[in-house]
Amino acid sequence: MHDYRTHTCGELTKTYTGETVRISGWIHRMRDHGGVVFIDLRDTYGLTQCVLEEGSDLIQKISQWRNESVITITGTVKARTAETVNSKMPTGAIEVEIRDAILQSAADVIPFQVAEEDGAGEEIRLKYRYLDLRREKMQRNIRLRNNVITSLRRRMTEKGFQEFQTPILTASSPEGARDFLVPSRLHPGKFYALPQAPQQDKQRLMMSGFDRYFQIAPCFRDEDSRADRSPGEFYQLDMEMSFVTQDDVFGVIEPVMRGVFEEFGTGRTVDPKPFPRIAYRDAMRRYGSDKPDLRNPLEIVDVTEVFARDDVEFNAFKNVIKKGGVVRAIRAPKVVDQPRSFFDKLNGWAQAQGAPGLGYILFEHVEHNNDSTECITSAGDAKGPIAKFLSGRALTMLCELANLESGDALFFICNVEKDAAKLAGLARDKICDDMGIREQGVFRFCWIVDFPMYEFDEKTNKIEFSHNPFSMPQGGLDALENKDPLDILAWQYDIVCNGIELSSGAIRNHKPEIMEKAFAIAGYGKDVLEAKFGGMLSAMRFGAPPHGGIAPGVDRIVMLLAGEPNIREVIVFPMNGQAEDVMMGAPNTADPAHLKELHIKLDLPKAKVEPEAAQKKST
RNA sequence: GCGGGAGUAGUUCAGUUGGUUAGAACGCCGCCCUGUCACGGCGGAGGUCGCGGGUUCAAGUCCCGUCUCUCGCGCCA
């Protein structure tokens, strides 16, 4: 018989009755009835009830073992009597009568409970992550992650993509996030950078003629964390393909995303229609966001023209419009029966966001004309604090623009365009959740396309790349030479699911002359370009195929599928919000000899914490 | 860097207007219990109320400072 197990804790059923088996695992729970003792033994596959019958000479020994100790049990599989069957457990029809038990590893008293969700805080869960990971939910999440990654690999491989490994020790990229640096021993004063993404590597592979690349790629960015952004490092399904247009990239990745969300959606559905494509500018106008959650049925409409009319007296908006501002409206359907507090709370919320308030008009009665392209309302049918400032014609225009029905309300936001769009976007989500009308049980995908190539940076007063400087501008060199830079669009796209940005991608620029011009517009001379991207430019001069790709975030995909609001719930050993691994003690000091070898001298800021307190924390 | 929330037993939390010995559940320890499966019963131990200062006859509670965690903003091509 095997030293540790003949079966797992998830597999024994009635068909094994009478067999002598050996199983190993953790003591999940113990129920000591004095004469008879039950042990739920747990491994990653399941739970099996083991029983010590009355009179067993093992009772004395075993009843002293603590939960989470690792033990090996040898015994006989017995069918339970009808009254004692537990139909909630897959192994609930049997139990193992213990003949022998070995304590493989005794557990101290555990700092939080493994067998139940006791609500332990994240700090302590991360400190004892190996205990936390034993819990059912974490086992399920991490297994899901593994299954998702396996599925992604299979789907990409089936489409003819090859998986590559690209360097971890690589060069700093001047654009984008902060790099993690690694000092070089052989080259004093020089540093490697960890890749923020294998962006240039995958382009080099296309230039190497490999045609279809993918990788479950580790990416490193030294930026602050968020609930959906793990600190320090994360994984992407990175892919790139040659001789393709934007449609070709969508044609490959859309079925992969759809497939994996259908495969692991467990009842949640994906709309069978192609993912809608929304131009960036439309997304900002209609949803106030470049990552709209399409489960939210509310849309934003521009009603600036109504408030600019001479027969509208609302000067609070008029004065902003005169200075170039816009008015955006959100239609809230069928809210006529909402209590006054519904509107007051939203107003208070808007003020907390820094807005003067959230004006609204409640349209009690709206009549549609026969041809149904027009609707009318009269002043008496419009209620709310700002209704009195609008003429009947203006109110009718609002009805038409927002396609209102009787009982609907419009909420108004007025500001310069960028701020109005942003607040309208937030208000759109706030109103949706207050009304409780966000769609449940679905994954709503969309593509955001036609991102602008450049944007005006108000801090530096300069034109900057708005996204990836390697993207191909729509219209190519001609557009760069002849259009207003701020009007130039890029072959740059995002994929969004339920309001979470899963990925950015682009058709890349493969022509050195376009690259030079693109960088010149952003104020970078040929020398800068040559210094920073010399290798890439050079590769472009030896026959570079047109190519493009995308890189969906694996952690975010798993997070969505697991239904977790926090990305750290789907990562085995995440760092905390301060990018520390509290269990491993990373980052940590280096000993002087090691630093010397790396030619590094420290120039530390003044200590923020008393040394004593810092020491207390680290123990 | 900025803003919100939190910090009380091993864990999750309660703690009134500032007023007796700071409580509960789970966990832990001891005893009892022959069928439970979140077993049950009895008893017990366990607290620098994050830390420092202040107000007060009296502070978990009020004030100031500070640290930590978390959410958001900035940042994240």
Side-chain angles (χ1 to χ4, degrees), chain A residues 28-41 47-56 59 63-64 66-68 78 80-89 91-92 95 107-128 131-132 173-179 196-197 199-200 219-232 234 352-354 422 426 451 453-455 459 464-471 490 492 494 501 504-506 508 522 551 553 565-566 568 576-578 580 582 607-610 612-614 616-617:
Chain A
H28 188 65
R29 272 199 190 91
M30 216 185 310
R31 291 175 295 281
D32 183 348
H33 290 246
V36 60
V37 178
F38 299 100
I39 296 173
D40 291 338
L41 195 65
L47 281 174
T48 298
Q49 173 166 290
C50 307
V51 61
L52 277 166
E53 298 286 7
E54 201 213 349
S56 169
I59 286 186
S63 59
Q64 286 171 14
R66 283 202 198 92
N67 285 350
E68 295 309 312
K78 281 176 56 181
R80 298 201 207 175
T81 61
E83 317 87 72
T84 59
V85 165
N86 185 345
S87 57
K88 286 182 281 186
M89 287 172 69
T91 61
E95 61 196 2
D108 285 346
V109 174
I110 48 180
F112 53 84
Q113 295 310 295
V114 170
E116 50 204 278
E117 297 293 335
D118 65 356
E122 193 170 29
E123 200 175 358
I124 196 161
R125 287 177 55 208
L126 291 181
K127 183 171 176 187
Y128 301 96
L131 289 178
D132 187 40
S173 162
E175 295 289 331
R178 266 180 227 108
D179 287 314
Q196 295 182 23
Q199 178 63 38
Q200 294 187 67
C219 304
F220 306 89
R221 297 179 189 177
D222 187 4
E223 296 293 348
D224 290 349
S225 70
R226 289 284 186 278
D228 64 352
R229 213 162 76 199
S230 74
F234 61 99
Q353 301 297 314
K422 192 175 170 188
L426 293 172
F451 277 85
M453 184 82 186
Y454 300 100
E455 65 190 7
K459 272 180 283 182
E464 306 271 11
F465 288 110
S466 61
H467 285 85
N468 190 330
F470 299 121
S471 298
Q492 165 94 37
D494 280 1
E501 182 193 318
S504 272
R508 321 296 172 186
N566 189 310
R568 296 184 294 275
N576 68 9
Q578 275 55 248
E580 299 166 304
V582 287
K608 232 166 91 178
V609 191
E610 295 295 311
E612 204 180 341
K616 192 177 165 192
K617 201 197 153 205

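Letters A, B, ... mirror the listed sequences (proteins, then strands); counts begin at 1. Owing to the predicted nature of the structure, the values given are computational and were not obtained by experimental measurement.
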**Study point:** First of A:Asn566 and A:Ser504 reached from the 5' end of RNA chain B, by closest nucleotide
**Key:**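 Nearest-nucleotide comparison on RNA chain B picks A:Asn566.
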Practice item. By nearest nucleotide on RNA chain B, pick out whichever of A:Glu83 and A:Phe470 is the more 5' one. Key: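 Here A:Glu83 is the residue nearer the 5' end.
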**Study point:** Student check: side-chain heavy atoms of A:Glu123 and A:Val582 closer than 4.5 Å
**Key:**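 In short, these two side chains do not touch, never coming nearer than 4.5 Å.
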Review point. Mind checking whether A:Glu501 and A:Asp228 have side chains closer than 4.5 Å, heavy atoms only?
Key: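 Heavy-atom side-chain distance check fails, nothing below 4.5 Å.
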Revision key, fill the gap. The contact string for nucleotides 24-33 of chain B, one letter per nucleotide 5' to 3', using protein heavy atoms under 4.0 Å with B, S and - for base, sugar-phosphate only and none, comes out as --SSSS---B
Name the nucleic acid region contacted by [X], choosing base, sugar-phosphate or nothing; use a 4.0 angstrom heavy-atom cut-off, strictly under.
X: A:Arg568; answer: sugar-phosphate
X: A:Glu464; answer: nothing
X: A:Glu95; answer: base
X: A:Arg226; answer: base
X: A:Glu53; answer: base
X: A:Asp228; answer: nothing
X: A:Gly121; answer: sugar-phosphate

Point to revise | Salt-bridge present (A:Arg229, A:Asp224; N to O < 4.0 Å) | key: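 A salt bridge is absent here (no side-chain N lies under 4.0 Å from a carboxylate O).
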N/O (side chain, [X]) to phosphate O (OP1/OP2, [N]) under 4.0 Å:
X: A:Arg29; N: B:C39; value: yes
X: A:Lys127; N: B:U11; value: no
X: A:Arg31; N: B:C39; value: yes

Pairwise [atom1] distance, [M] and [N] [rounded to whole Å]:
N: B:U8; M: B:A14; atom1: P; result: 10 Å
N: B:G47; M: B:C63; atom1: P; result: 29 Å
N: B:C2; M: B:G74; atom1: C1'; result: 8 Å
N: B:U16; M: B:G1; atom1: P; result: 34 Å
N: B:U61; M: B:G18; atom1: C1'; result: 6 Å
N: B:A45; M: B:C31; atom1: C1'; result: 15 Å
N: B:A77; M: B:U68; atom1: C1'; result: 33 Å
N: B:C69; M: B:G53; atom1: P; result: 23 Å

Exercise for review: To the nearest 0.5 Å, tell me how far A:Asp132 CG sits from A:Ile124 CD1.
Suggested key: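 With rounding to 0.5 Å, CG (A:Asp132) is 10.5 Å from CD1 (A:Ile124).
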Look at the side chain of [X] and decide which nucleotide, out of [options], has an atom nearest to it.
X: A:Ala120; options: B:U11, B:U70, B:A77; answer: B:U11
X: A:Asn576; options: B:C73, B:U70, B:A77; answer: B:U70
X: A:Gln199; options: B:A77, B:C39, B:U36; answer: B:A77
X: A:Arg221; options: B:C37, B:G74, B:A77; answer: B:A77
X: A:Glu223; options: B:A77, B:C75, B:U36; answer: B:C75
X: A:Glu580; options: B:C69, B:A77, B:G72; answer: B:C69

Exercise for review: Give RNA chain B the dot-bracket treatment, 5' to 3': Watson-Crick (N1-N3 with N6-O4 or O6-N4) or G-U (N1-O2, O6-N3) under 3.5 Å, [ ] crossing, | other strand.
Suggested key: (((((((..((((.....[...)))).(((((.......))))).....(((((..]....))))))))))))....
Rounded to whole angstroms, how far apart are [atom1] on [X] and [atom2] on [N]?
X: A:Lys422; N: B:G72; atom1: NZ; atom2: P; result: 14 Å
X: A:His28; N: B:U36; atom1: NE2; atom2: P; result: 18 Å
X: A:Asp179; N: B:A77; atom1: CG; atom2: P; result: 11 Å
X: A:Leu131; N: B:G10; atom1: CG; atom2: C1'; result: 12 Å

Check your understanding: Going by modelled atom types, is there a donor-acceptor pair between the base of B:C37 and the side chain of A:Arg80 at under 3.5 Å?
Key ->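 Present.
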Point to revise | Heavy-atom donor-acceptor pair, A:Gln49 side-chain to B:U36 base, under 3.5 Å | key: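 When only heavy-atom distances are counted, A:Gln49 does reach the base of B:U36 through a donor-acceptor pair under 3.5 Å.
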Hey, is the main chain of [Y] close enough, under 3.5 Å, to the side chain of [X] for a donor-acceptor pair?
X: A:Arg66; Y: A:Ala107; value: yes
X: A:Thr91; Y: A:Leu47; value: yes
X: A:Glu223; Y: A:Arg178; value: yes
X: A:Gln196; Y: A:Ala177; value: yes

**Study point:** Partners meeting side-chain contact (heavy atoms from CB on, under 4.5 Å) with A:Glu53 (sequence neighbours left out)
**Key:**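 For A:Glu53, the residues satisfying side-chain contact (heavy atoms from CB on, under 4.5 Å) (neighbours in sequence not counted) are A:Val36, A:Val51, A:Lys78, A:Glu97.
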Point to revise | A:Phe112-B:U11 aromatic stacking (under 5.5 Å, under 30°) | key: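 No, the aromatic ring of A:Phe112 does not stack with the base.
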